[in-house]
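Worth saying up front: this structure is predicted, and the values here are computed from it rather than measured. A, B, ... follow the sequence lines: proteins, then strands. Residue 1 opens every chain.
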Amino acid sequence: MDVSRILSGLNEAQREAVAAPLGNQLVLAGAGSGKTRVLVHRIAWLIHTEQLSPQSILAVTFTNKAAREMRERIESLLGISTRHLWVGTFHGIAHRLLRTHWHAAGLPQAFNVLDADDQLRLVKRVHSELNLDEERWPAKQTRWFINAQKDEGRRPEHIEAAGDLFLTTMVEVYRAYEAACARTGLVDFAELLLRSHELWLRHPDLLHHYQGRFRHLLVDEFQDTNAVQYAWLRVLAGEVLSVTAVGDDDQSIYGWRGARIENIHRYCDDFAQVQTVRLEQNYRSTGTILGAANALIARNADRLGKELWTAGEEGTPISLFAGFNEQDEAGYVIERIEHHLNQGFQRSDIGVLYRSNAQSRVLEEALLRAAIPYRIYGGQRFYERLEIRNALAYLRLLVHRQDDAALERVINTPSRGVGAKTLESLRERARADGVPLWDAMHTCVTSGGLPARARSSLAAFIELIDDLQVSVQGLPLGTLVDVVLERSGLLAHHGAEKGEKGQARIDNLRELVSASRQFDTLLWADEEMRAEVEGSSPLAMFLDVAALEAGDAQAHEDEDSVQLMTLHSAKGLEFPVVFLTGVEEGLFPHKMSLEEPGRLEEERRLCYVGVTRAMQHLYLTYAEMRRLHGSDHFHKISRFVREIPPEFIQEVRMNHAVERPFTGADSLGGDAVYQLGQRVRHGTFGEGVILNAEGAGRQARVEVQFDAEGSKWLVLAYAKLQPI
DNA sequence: AAGATAGTCGTTTTT
DNA sequence: CGACTATCTT
């Protein structure tokens with residue numbers, strides 16, 4: 001492969017970034033400017049032209065998906081295996097380091113990763129041990145506090161809390177929580193980062209080893225790094241390694257969970273001779289969409305400054321639609337979706353975006369009614385499902401008996417007569433002896449202090465786990481998981497759930513078996529990975545994958561479908577047609593963000609992200625009246641819409657497609673002619689008068705002012721109205 | 001130990 | 001309004 005291939009097809013700025021001499025570089029990559037492409041080609045360039053060996057490159061991303069994509073693209077560009085290249089998420093890399101250097105990091109070899117759900121349970125337990133009132137001290141708040149502290153790199157002893165009841169209490173819980181984690185060998189997500197940072201600081205020999213191994217570090221989505229991640233990177237780079245930071249300050253939308261946009265500025269100060277390259281040519285959107293995006297983001301202060309441009313078409317104006325209410329808004333979205341589908345777009349070419357998840361329902365219902373297949377992002381993911389978490393808990397116990405979080409989850413699932421009281425005495429025993437629950441359980445069984453029945457239940461549980469461990473010895477991973485599901489009684493337990501739930505749970509558990517089998521196959525096909533199993537086991541490695549990667553929300557759904565998601569999850573994606581719904585003051589920008597200017601700017605960046613997802617057609621829609629939390633809200637149009645110059649926007653006429661008089665189904669299933677002002681009778685609501693109408697055919701709806709019930713929007717096809 | 005019921009709360013989310 | 005939880009009931 002020759003060098004020209006690495007540079008061909010790149011624009012001047014991209015080429016500059018890719019072919020820069022080895023050194024510190026900041027790539028400010030605007031939306032749709034070919035950021036991933038530059039990263040991938042940069043790595044190829046370093047290997048090819050700077051003669052860096054693949055193992056001397058470390059590339060860090062935020063999501064597993066991004067890491068996977070980068071790996072795949074490097075492989076296809078260079079035609080080499082990326083096995084020796086370190087590409088992964090911050091958490092994944094930190095985890096790998098801790099697994100390798102567990103001893104130096106002060107962890108038990110078999111430590112388990114604690115996910116958000118188990119973390120909350122643990123916090124609750126610590127709360128009750130400290131006799132904190134759940135009312136006054138919500139566990140979620142404490143979890144948030146602990147994670148925020150860890151994200152900032154602070155241990156309890158770093159927090160100045162004197163005289164402040166809130167802080168003193170939080171620090172006390174933080175301490176007790178840490179002690180519980182240490183006792184039971186559990187490491188939460190933030191801890192992975194914090195501890196591997198401390199690993200660098202406390203073991204200069206290890207740090208030097210890695211500084212010798214790596215030559216260059218690349219970080220994607222730099223604007224999303226938090227304080228620990230930045231510190232980790234800074235220490236690792238030291239004075240010897242160079243760093244490519246790629247990011248876009250205008251797309252920083254995770255400030256609320258610790259991301260520090262300032263890290264981009266700090267990078268320029270802290271690292272020597274940073275060369276900055278701006279990628280401003282956009283290959284995604286029309287001139288109109290970019291004009292709107294540029295104008296919008298220009299309202300933010302303290303930007304590094306960037307203006308997107310395109311060599312392409314101006315395109316069509318942005319459509320702005322005002323609905324009466326959210327149903328009306330959804331009706332318009334459906335109508336336009338159908339229009340674009342008729343034009344020849346695929347359903348997957350269409351993205352429907354919203355600020356908060358609660359908004360998805362009305363849209364879903366409308367899509368369902370119109371029989372348009374859709375896919376909704378977000379929601380519960382595979383490894384987060386109850387039955388899967390239960391199964392993983394059994395597996396975790398097999399690997400690591402000290403895992404209290406796992407033990408608590410399954411000791412009585414399925415129920416085997418270990419109730420709340422027994423569990424409470426177990427916890428007390430564990431607390432008194434300063435040991436994990438498993439050990440306390442042994443003590444209780446042998447030395448008494450419990451009713452005979454509870455003792456035999458516990459003994460049976462111990463035997464179950466120990467027996468499982470023995471009988472599972474030497475089995476291939478898939479079979480092992482299968483046996484555990486069967487013998488633990490989980491399969492029967494979940495299968496017995498009524499309705500379709502039971503079957504769905506069984507299906508998911510079967511899916512887990514096949515996922516583990518697949519993982520096993522992959523593992524044994526790979527020399528390198530097999531080497532890593534030394535000192536570990538396929539099961540332990542599978543559990544790590546499950547902990548660090550939540551999996552997809554929907555099981556392989558491959559039907560062409562319209563894509564529904566929040567603005568946050570839309571980052572990094574693009575669609576020929578985009579609907580940005582609910583552009584209303586209070587909703588977007590969200591009312592919680594209105595007070596602090598900083599948060600409002602983040603909302604604006606979120607809007608910028610939304611607008612720049614669109615390639616050809618962008619729709620902004622809002623509802624004049626919206627039912628939220630059971631009451632009506634009358635929102636004004638979002639300020640963000642006003643911030644877009646009017647020349648880019650075309651207001652769509654309200655009451656579109658209304659035909660008056662118009663026809664629709666009547667109570668006998670035939671067609672009837674209706675008019676505004678006409679009196680009608682409804683089966684349940686009684687008599688009323690038609691005030692308003694919109695849509696046509698199956699979608700035709702009318703607003704009826706009922707004499708007794710007030711006014712309601714009804715779909716003619718279902719309402720079975722009788723003209724009077 | 002399941003099932004019913006009352007009470008609460010209501011951005012955004014990855015790892 | 002409706003999803004989720006905690007608590008009470010059988």
Quick check on [N]: is either OP1 or OP2 less than 4.0 Å from any side-chain nitrogen or oxygen of [X]?
X	N	result
A/Ser415	B/dA1	yes
A/Asn64	B/dT15	yes
A/Arg361	C/dA3	yes
A/Lys124	C/dA6	yes
A/Ser356	B/dG10	no

Give [X] one of three labels, base, sugar-phosphate or nothing, depending on what nucleic acid heavy atoms sit under 4.0 Å from its own.
X	answer
A/Asp115	nothing
A/Ser631	nothing
A/Glu603	base
A/Asn357	sugar-phosphate

message: Quick check on DNA chain B: between A/Arg599 and A/His91, whose nearest nucleotide comes earlier from the 5' end?
response: A/Arg599
message: Both A/Val418 and A/Ile253 contact DNA chain B. Which one's nearest nucleotide lies toward the 5' end?
response: A/Val418
message: Stacking between A/Phe189 and B/dT14, defined as ring centres under 5.5 angstrom apart with planes under 30°, is that present or not?
response: no
- prompt: Does the ring of A/His590 lie flat against the base of B/dT11, closer than 5.5 Å centre to centre with planes under 30°?
  reply: yes
- request: Report yes or no: is the cationic atom of A/Arg299 (NZ for Lys, CZ for Arg) closer than 6.0 Å to the six-membered ring centre of A/Tyr608, at no more than 45° off its axis?
  value: no
- prompt: Where does B/dT12 land, syn or anti, once you apply the within-90°-of-0 test for syn?
  reply: anti
Nearest to the side chain of [X] - [options]?
X	options	value
A/Arg355	B/dT11, C/dC1, B/dT15	B/dT11
A/Arg257	B/dA1, B/dT15, B/dT13	B/dT13
A/Lys591	B/dT12, B/dT15, B/dT11	B/dT11
A/Ser569	B/dT15, B/dT13, C/dC1	B/dT13
A/His629	B/dT15, B/dT12, B/dG10	B/dG10
A/Arg381	B/dT14, B/dA1, B/dT11	B/dT14
A/Ala116	B/dT13, B/dT15, B/dT11	B/dT15

Rounded interatomic separation in angstrom, taking [atom1] from [X] and [atom2] from [N]:
X	N	atom1	atom2	value
A/Phe382	B/dT15	CZ	P	16 Å
A/Asp118	B/dT14	CG	C1'	17 Å
A/Asp632	C/dC1	CG	P	10 Å
A/Arg626	B/dT11	CZ	P	13 Å
A/Leu628	B/dT11	CG	P	9 Å
A/Glu135	B/dG7	CD	P	12 Å
A/His633	B/dT11	NE2	P	11 Å
A/Leu193	B/dT14	CG	P	16 Å

Using 4.0 Å as the upper bound for N to carboxylate O, is an ion pair formed by [Y] and [X]?
X	Y	result
A/Glu387	A/Arg385	no
A/Arg604	A/Glu643	yes
A/Glu511	A/Arg505	no
A/Arg260	A/Asp224	no
A/Arg639	A/Glu585	yes

query: Distance between the C1' atoms of B/dT12 and C/dT5, in whole angstroms?
result: 23 Å
- request: With C1' as the reference atom in both, quote the distance from C/dG2 to B/dT13 in angstrom, rounded to an integer.
  value: 22 Å
Heavy-atom donor-acceptor pair, A/Gln359 side chain to A/Ser356 backbone, under 3.5 Å: yes
